[in-house]
Protein chains: 2
Amino acid sequence: MMVAVRTSATLLRMSTGPLPTLPLRERKRLRAMRNIQSVALELFDREGFDTVTVERIAELAEVSPSSIYRWFGTKEQLIIWDEYDPASLVAFQERLADTEPLEALREVVSLTMGAAFDDDAERIKLRLRLAFTNPSVEAASILQTHEMAQLIAGIIASYRDSDPSDLDIQVAAHGFVGALLGALRHWYASDFTTPIEDIIERPLAVIEQGAGLP
Amino acid sequence: MMVAVRTSATLLRMSTGPLPTLPLRERKRLRAMRNIQSVALELFDREGFDTVTVERIAELAEVSPSSIYRWFGTKEQLIIWDEYDPASLVAFQERLADTEPLEALREVVSLTMGAAFDDDAERIKLRLRLAFTNPSVEAASILQTHEMAQLIAGIIASYRDSDPSDLDIQVAAHGFVGALLGALRHWYASDFTTPIEDIIERPLAVIEQGAGLP
DNA sequence: CCATCATATGACAGTGACTTCCATCTGCGG
DNA sequence: CCGCAGATGGAAGTCACTGTCATATGATGG
């Protein structure tokens, strides 16, 4: 989440109905997960992340706690999880064939974050607010963005035919996601009034031209 | 830790004895904490972070688990905690009177990371390895660097007489610590063969001139 | 449409990090 | 040396998370 990237399939989707091609079992699980996340978000919003137990979410969503842990892994992922993340990753990797990494990143992130925000702005806001409000959720979010950085590092490395642990690449990848996280924090702090384009554009500009600070 | 910054007091210190000015009670607590951390690091190194329980660390260090939690807060902080961090922060803030923020950052971080590494290289290496190896410790480390970013953002903001949540400032601060974390990860991956100067210099260069990537 | 099989779910019993509370102890000032 | 404030240790409790296994349910071939 947070840096949620959506595939074109999502953009074409008009309603929130399930994709008809998926097996019945998968569809059921996704529907349950959507429901569980909704229940969890509402409870977290009303009573705070720490106060609400997973057991209570399970009761309200009418599933077993075991299933919640099997599907989401951790309590924090109830907020962080984004249904469309996997598909978005695929879309990003497809685009890499045509464009160079940073440009592909710009296009996909920009396009899909806008789409995600248009699609269900309130849910995105709530998730970001919860992420920046609670320390453990924040930690999980940050960790996730760092996994993204490692991913980007790997992609840039293969593009330049060098090693992912290369200093330049590490610094650029982590600098970017760090800056993106900072931009998202600003976005949240500004109550989402800053245009999305800026939120994407500035972190990329930092890598390309520097922050131009004092 | 990780971006450990040490005060000049530390640099002047020749042995590892306690500072004589501190009250007896504080000295005792610091001595206990040093010992607990040593015990913990050794156990984590030998048996893995998840396998070792806090209770067992408490037994070996001859303190109660209560005290460990009171002093360190979390199990992860047994690795992350750095005795000299608070004093280093003070040193950084003192230097801000003379120099502009980025330069002060460069000087203090460079000087003190070098000193820390010279002082007890093996301990630093071990802590970094544990931090980059175990997910929960990594999360805690990353969270700490983000607190550092917020701190830097605040300092730059007051220097430029603007708001800490300003987009430029947020992006620069988080970009820097993100890049620094990336550099540290590279440092660890290179088995600490990369010169420390580079580890500090590159992240700052990213902010000042960009990564110059593709 | 049904039997069979693979797989997913739910119930249960743990483990261990972390919190809270209180009795006890120990430096510290008079 | 005494009395006090604050620190420590001990015990009991909460809850996230993990394994295990019987049961249920969707997929598959007849």
Side-chain angles (χ1 to χ4, degrees), chain A residues 18-37 39-41 43-44 47-81 130 134-141 143, chain B residues 18-37 39-41 43-44 47-81 130 134-141 143:
Chain A
L19 291 154
T21 50
L22 263 62
L24 179 61
R25 220 176 228 172
E26 295 289 295
R27 248 182 298 159
K28 240 180 142 176
R29 186 177 57 87
L30 272 179
R31 208 161 63 85
M33 285 181 78
R34 273 195 289 265
N35 182 45
I36 291 165
Q37 189 179 51
V39 168
L41 288 176
L43 276 179
F44 292 155
E47 309 179 12
F49 182 76
D50 293 325
T51 314
V52 180
T53 67
V54 172
E55 203 174 346
R56 227 171 98 231
I57 297 169
E59 273 181 35
L60 268 174
E62 294 180 282
V63 290
S64 71
S66 315
S67 294
I68 292 189
Y69 282 111
R70 202 182 348 261
W71 294 333
F72 289 94
T74 67
K75 189 183 178 187
E76 285 79 15
Q77 285 292 324
L78 285 169
I79 298 170
I80 294 172
W81 176 76
L130 287 169
N134 186 283
S136 66
V137 186
E138 188 177 21
S141 306
L143 198 66
Chain B
L19 291 156
T21 49
L22 261 64
L24 179 60
R25 222 176 227 172
E26 296 288 294
R27 250 183 298 161
K28 240 179 144 177
R29 186 176 57 88
L30 272 180
R31 209 161 63 84
M33 286 181 77
R34 273 194 288 264
N35 182 46
I36 291 164
Q37 190 179 50
V39 168
L41 288 176
L43 277 178
F44 292 155
E47 308 179 12
F49 183 76
D50 293 325
T51 315
V52 179
T53 68
V54 172
E55 203 174 347
R56 223 168 102 233
I57 297 168
E59 273 181 36
L60 269 174
E62 294 180 283
V63 290
S64 70
S66 318
S67 293
I68 291 189
Y69 282 110
R70 197 176 1 255
W71 294 334
F72 289 93
T74 67
K75 189 183 179 185
E76 286 79 14
Q77 285 293 324
L78 285 169
I79 298 170
I80 294 173
W81 176 75
L130 288 169
N134 185 281
S136 66
V137 186
E138 189 176 21
S141 305
L143 197 66

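Keep in mind that what you see is a predicted model, and the values were worked out from it rather than measured. Heavy atoms only: backbone and side chains are in, while hydrogens, waters and symmetry mates are out. We name chains A, B, ... by the order of the sequence lines, and we start the count at 1 in each one.
Nearest-nucleotide positions on DNA chain C place A:V63 closer to the 5' end than the other of B:T51 and A:V63. The nearest heavy atom of DNA chain D to A:S66 and to A:D50 marks one nucleotide each, and the one closer to the 5' end goes with A:D50. Along DNA chain D, the nucleotide nearest to A:V52 and the one nearest to A:R70 differ in position, and the one closer to the 5' end is contacted by A:V52.
B:F44 has its CZ atom 12 Å from the C1' atom of C:dA17, to the nearest Å. A straight line from CZ of B:F49 to C1' of C:dG16 spans 12 Å, rounded to a whole angstrom. With rounding to whole Å, A:I36 atom CD1 is found 10 Å from C:dT9 atom P. Distance CD (A:Q77) to P (D:dA16): 15 Å, rounded to an integer number of Å. Note: CD (B:E55) to P (D:dA11) measures 11 Å, nearest angstrom. B:Y69 places its OH atom 17 Å from the C1' atom of C:dC21, with the value rounded to the nearest Å. The CZ atom of A:R29 sits 8 Å away from the P atom of C:dT9 (whole-angstrom rounding). Whole-Å rounding puts the B:M33 CE to D:dT8 C1' distance at 15 Å.
Here D:dA7 is the nucleotide among C:dC18, D:dA7, D:dT25 with the atom lying nearest to any side-chain atom of B:R25. Out of C:dT9, C:dC18, D:dA16, the shortest distance to the side chain of B:E76 is found at C:dC18. Checking D:dC15, D:dT18, D:dG26 against the side-chain heavy atoms of A:L24 singles out D:dG26 as nearest. The side chain of B:T53 lies closest to C:dG16 when the candidates are D:dA27, C:dG16, C:dG10. Considering only side-chain atoms of A:K28, the nucleotide from C:dT9, D:dG10, D:dT25 that sits closest is D:dT25.
A salt bridge links A:E26 with A:R29: at least one charged nitrogen is closer than 4.0 Å to a carboxylate oxygen.
Taking every heavy atom of both residues into account, A:F72 and A:M33 meet most closely at CZ-O, 3.6 Å. When all heavy atoms of A:N35 and A:A61 are compared, the pair lying nearest together is ND2-O, 3.8 Å.
In this structure, NZ in A:K75 is found 8.0 Å from CG in A:N134, a value given to the nearest 0.5 Å.
Taking only side-chain nitrogens and oxygens, B:W71 comes nearer than 4.0 Å to OP1 or OP2 of D:dT8. Taking 4.0 angstrom as the limit, B:S67 places a side-chain polar atom (N or O) nearer than this to OP1 or OP2 of D:dG9. For D:dC15, the OP1/OP2 oxygens have no side-chain nitrogen or oxygen of A:K75 closer than 4.0 Å.
Atom CD of A:E47 is surrounded by more than 12 heavy atoms from other residues, nucleotides or ligands within 6.0 Å.
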